[in-house]
Amino acid sequence: SNNLFWDIDKSEFILEGDVSLINNIINISSNKALFDNKEDIILFYNPVKYFYKDEDGIKKYNISAENAYYNILTKDVVFKSKIDKVRSKLLF
């Protein structure tokens, strides 16, 4: 990200500007993210772009949503949108 803010009292890290979470199979990007150390959840804020790749590096689907929640422990991702629908594209 471009900026990192740390709220010691709340055990939160706030990232702003071109935030990305990248590992060998997923790529999540947004304008802002908040890491809650107590809950082990990263909340990615509007707009969120998500790409999933198979073992060969081929994109299998991509999703756009207002918000995404990434659980650090389980590595699950949940997408939520209050205004628009969660948009996805699946490739088989």
Side-chain angles (χ1 to χ4, degrees):
S1 73
N2 295 335
N3 297 300
L4 168 70
F5 304 98
W6 181 15
D7 188 338
I8 296 173
D9 297 329
K10 294 182 180 178
S11 297
E12 292 178 345
F13 294 93
I14 301 169
L15 303 164
E16 291 183 343
D18 296 326
V19 177
S20 294
L21 172 74
I22 301 170
N23 69 19
N24 57 342
I25 59 171
I26 67 168
N27 181 338
I28 300 174
S29 61
S30 72
N31 290 327
K32 182 178 178 182
L34 179 130
F35 173 58
D36 185 340
N37 192 32
K38 292 179 185 176
E39 299 292 325
D40 287 328
I41 298 283
I42 301 174
L43 170 57
F44 292 89
Y45 292 93
N46 188 19
V48 175
K49 304 277 187 209
Y50 172 85
F51 300 96
Y52 171 81
K53 298 178 184 178
D54 66 8
E55 297 84 22
D56 298 323
I58 298 170
K59 286 184 185 176
K60 288 295 185 181
Y61 56 85
N62 61 52
I63 297 173
S64 297
E66 284 180 51
N67 300 312
Y69 300 85
Y70 180 77
N71 187 311
I72 297 290
L73 300 176
T74 63
K75 306 211 181 342
D76 293 334
V77 182
V78 175
F79 300 94
K80 294 187 179 181
S81 287
K82 292 181 182 178
I83 299 171
D84 289 326
K85 296 178 182 177
V86 174
R87 296 186 178 125
S88 58
K89 180 180 179 182
L90 305 173
L91 302 174
F92 295 96

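Residue indices begin at 1 and follow the sequence shown. Keep in mind that what you see is a predicted model, and the values were worked out from it rather than measured.
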Residues in side-chain contact (heavy atoms from CB on, under 4.5 Å) contact with Asp18, at least two apart in sequence or another chain: Asn2

Exercise: identify the closest heavy-atom pair between Glu16 and Phe5: OE1-CE1, 3.3 Å

Any residue meeting side chain to side chain donor-acceptor pair (under 3.5 Å) with Asp76, in chain and number order, not counting sequence neighbours: Thr74

Same apolar cluster (I L V M F W Y, side chains within < 4.5 Å links), Ile26/Phe44: yes

Residues in side-chain contact (heavy atoms from CB on, under 4.5 Å) contact with Asn31, at least two apart in sequence or another chain: Pro47

Trace of the side-chain contact (heavy atoms from CB on, under 4.5 Å) decision for Tyr45 with Leu43: CA-CA 6 Å; Tyr45 292 93; Leu43 170 57; 3.3 Å; yes

Same apolar cluster (I L V M F W Y, side chains within < 4.5 Å links), Trp6/Ile41: no

Contact summary for Leu34 and Glu12, nearest pair of heavy atoms: CD1-OE1, 3.6 Å

Ile72: partners by side-chain contact (heavy atoms from CB on, under 4.5 Å), with sequence neighbours left out: Phe35, Asp40, Ile42, Tyr70

Inter-residue atom distance Asn37.CG - Glu39.CD, 0.5 Å rounding: 10.0 Å

Spatial distance of atom CG (Leu15) from atom NZ (Lys32) [nearest 0.5 Å]: 10.5 Å

ILVMFWY network linking Tyr69 to Phe13, side-chain heavy atoms under 4.5 angstrom: no

